[in-house]
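Order of the sequence lines fixes the chain letters, A, B, ..., with proteins taken first and strands second; residue numbering starts at 1 for each chain.
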Protein chains: 2
Amino acid sequence: MIYSSELIKGTLKTIILKLLADNKRMYGYEITQKVKELTSEKIQITEGALYPTLHALEDSGLVTTETEYIGKRVRKYYSLSADGKTKAREKVSELSDFMETMKFLLDLKPQGI
Amino acid sequence: MIYSSELIKGTLKTIILKLLADNKRMYGYEITQKVKELTSEKIQITEGALYPTLHALEDSGLVTTETEYIGKRVRKYYSLSADGKTKAREKVSELSDFMETMKFLLDLKPQGI
DNA sequence: AATAATACATAACATTCTTATGCATTATAC
DNA sequence: GTATAATGCATAAGAATGTTATGTATTATT
């Protein structure tokens, strides 16, 4: 089962920042594969979502990049900047809090029925 | 603290379906207040998001409506249809599952650092 | 030799939320 | 008593962000 795409909206940036916080540096394709692996294929990040998000993180100074060649094939590695590390902590914390709230909402028992 | 709006994206329909599953019938304004109350004001549903969503649920046959007058003021009550009840269970279940997955992702310990 | 996987990128389109606006009734505070 | 806040609905322009499709190229596998 793959989660409906709408569910992933709004969490993508946080997922990426969290992975980069844990792994020092990663390249785009690697991120998609890591997320797929860690979630038993339930979250599949599409390239059309991934690359614009990475570029936005770069534009806002949260990540820095290094380009490397593996043979003739290019790889662009992303790493968190100092700001990015702070932002990663904030976003992860916010999402954890949000999930606690949602868990509470979803576990509510039926009321005036 | 109010959650960043992007976080709520994708969960709004599920929240509404869950509330309707628990409460037999509710009207729009009541839903916004209930969510605000249950989440200690951390989730505030705006009218511009709420009403289009309710209308979409109605158009897809997941809810039925009854209009009532309180004095001269109109209220539109929403109730789950049979399909809506099924859908509510599905969406709540999917979101619970998704949150477990996200919790796992966010709780991961740093790796190759 | 053909196909799949790796690896980047962008663009048209769709969806969905924000922000603003509009209208109207009822309760509250000054 | 009247101005403001709260209640209650609705829609529309614009922004944000994801989907789907496309493009290019290298390397591994069948």
Side-chain angles (χ1 to χ4, degrees), chain A residues 2-17 19 25-37 41-60 62-63 65-78 91 95 98, chain B residues 2-17 19 25-37 41-60 62-78 91 95 98 102:
Chain A
I2 298 178
Y3 298 125
S4 64
S5 63
E6 61 188 49
L7 262 193
I8 297 164
K9 290 188 191 194
T11 62
L12 179 57
K13 196 192 277 186
T14 305
I15 292 173
I16 293 174
L17 288 173
L19 283 182
R25 68 173 202 170
M26 296 183 86
Y27 56 98
Y29 187 74
E30 186 184 13
I31 291 174
T32 66
Q33 298 307 302
K34 194 71 179 174
V35 170
K36 200 164 133 181
E37 174 203 332
E41 316 218 341
K42 289 189 280 192
I43 297 180
Q44 311 242 17
I45 300 178
T46 62
E47 297 169 297
L50 176 71
Y51 291 113
T53 300
L54 286 173
H55 299 162
L57 288 173
E58 193 177 2
D59 291 345
S60 58
L62 298 176
V63 300
T65 63
E66 312 163 79
T67 297
E68 287 187 13
Y69 281 86
I70 308 299
K72 287 179 182 172
R73 192 150 58 188
V74 71
R75 265 188 201 166
K76 196 167 165 188
Y77 281 97
Y78 292 84
K91 297 290 278 182
L95 182 48
F98 177 72
Chain B
I2 297 178
Y3 297 125
S4 64
S5 63
E6 61 188 51
L7 263 192
I8 297 164
K9 290 187 190 195
T11 61
L12 179 57
K13 197 192 278 187
T14 305
I15 292 172
I16 293 174
L17 288 172
L19 282 182
R25 71 173 199 168
M26 297 183 85
Y27 56 98
Y29 187 74
E30 185 184 14
I31 292 175
T32 66
Q33 298 308 302
K34 194 73 179 174
V35 170
K36 200 164 135 183
E37 174 203 332
E41 315 218 344
K42 289 189 282 192
I43 297 181
Q44 310 241 18
I45 300 177
T46 63
E47 296 169 298
L50 175 72
Y51 291 112
T53 300
L54 286 173
H55 298 162
L57 289 173
E58 192 178 2
D59 290 345
S60 57
L62 298 175
V63 300
T64 56
T65 63
E66 312 163 78
T67 297
E68 288 187 13
Y69 280 87
I70 309 298
K72 286 179 183 171
R73 195 148 58 187
V74 72
R75 266 187 200 167
K76 197 166 163 189
Y77 280 99
Y78 292 84
K91 297 290 277 182
L95 182 49
F98 176 72
M102 287 304 299

(request) Quickly work out the B/Tyr27 OH to D/dC9 P distance and round it to whole Å. (result) 7 Å
(request) Please report, rounded to the nearest Å, how far the C1' atom of D/dA16 is from the CG atom of B/Leu7. (result) 14 Å
(request) Using a 3.5 Å limit on both pairing distances, list the dot-bracket string of DNA chain C from the 5' end; Watson-Crick and G-U wobble pairs count, crossing pairs take [ ], interstrand pairs take |. (result) ||||||||||||||||||||||||||||||
(message) So, does B/Thr53 get its side chain near the phosphate of C/dC17, meaning an N or O under 4.0 Å from OP1 or OP2?
(response) yes
(message) Pair A/Tyr78, A/Leu54 - check side chain to side chain contact (heavy atoms under 4.5 Å, CB included), show working.
(response) CA-CA 8 Å; A/Tyr78 292 84; A/Leu54 286 173; 3.6 Å; yes
Distances under 3.5 Å between protein N/O atoms and the N/O atoms of nucleotides 10-15 of chain D, please, pair by pair.
unit_1: D/dA10; atom_1: OP1; unit_2: B/Lys76; atom_2: NZ; d: 3.1
unit_1: D/dA10; atom_1: OP2; unit_2: B/His55; atom_2: NE2; d: 3.1
unit_1: D/dT11; atom_1: OP2; unit_2: B/His55; atom_2: ND1; d: 3.4

(message) I'd like to know if the side chain of B/Gln33 reaches the main chain of B/Glu30, judged simply by a donor and an acceptor atom lying under 3.5 Å from each other, with no hydrogens or angles considered.
(response) no
(message) Checking A/Thr32 against A/Gln44: is there a side-chain donor and acceptor pair closer than 3.5 Å?
(response) no
(request) Could you grab the distance from atom CZ of A/Arg25 to atom OH of A/Tyr77, nearest 0.5 Å is fine? (result) 4.5 Å
(request) Would you mind reading off the distance between A/Lys13 atom NZ and D/dA16 atom C1', rounded to a whole angstrom? (result) 10 Å
(request) Write down the distance between CG (A/Leu12) and C1' (D/dT19), rounded to a whole number of angstrom. (result) 13 Å
(message) Nearest whole Å is fine: how far is C/dC8 P from A/Glu68 CD?
(response) 12 Å
(request) Show the numbers, then the answer: is there a side chain to side chain contact (heavy atoms under 4.5 Å, CB included) between A/Leu50 and A/Ile16? (result) CA-CA 9 Å; A/Leu50 176 71; A/Ile16 293 174; 3.9 Å; yes
(message) Return the OH to OG1 distance between A/Tyr51 and A/Thr46, rounded to the nearest 0.5 Å.
(response) 10.5 Å
(message) Give me the atom names and distance for the closest heavy-atom approach of A/Lys76 to A/Tyr27.
(response) O-CB, 3.2 Å
(message) Side chain of B/Glu6 only, heavy atoms from C-beta on: which candidate in D/dG8, D/dT17, C/dC17 is closest?
(response) D/dT17
(message) With rounding to the nearest 0.5 angstrom, report the CD1 to OH distance, A/Ile43 to A/Tyr3.
(response) 6.5 Å
(request) Compare the minimum distances between each of D/dT19, C/dC17, C/dC8 and the side chain of B/Ala49, then state the nucleotide with the smallest one. (result) C/dC17
(request) Grab the CD1-P distance between A/Ile8 and D/dG18 for me, whole Å please. (result) 10 Å
(request) Would you mind reading off the distance between A/Ile45 atom CD1 and D/dT17 atom P, rounded to a whole angstrom? (result) 15 Å
(request) State whether B/Thr46 places a side-chain N or O below 4.0 Å from either non-bridging phosphate oxygen (OP1 or OP2) of C/dT18. (result) yes
(message) Rounded to whole Å, please give me the gap between CZ in B/Arg75 and P in C/dT26.
(response) 11 Å
(request) Show your reasoning for whether salt bridge (Lys or Arg N to Asp or Glu O under 4.0 Å) applies to A/Lys91 and B/Glu6. (result) CA-CA 11 Å; A/Lys91 297 290 278 182; B/Glu6 61 188 51; 2.8 Å; yes
(message) Whether A/Arg73 contacts D/dA25 is assessed here as follows: a side-chain N or O lying under 4.0 Å from the phosphate OP1 or OP2. Is that the case?
(response) no
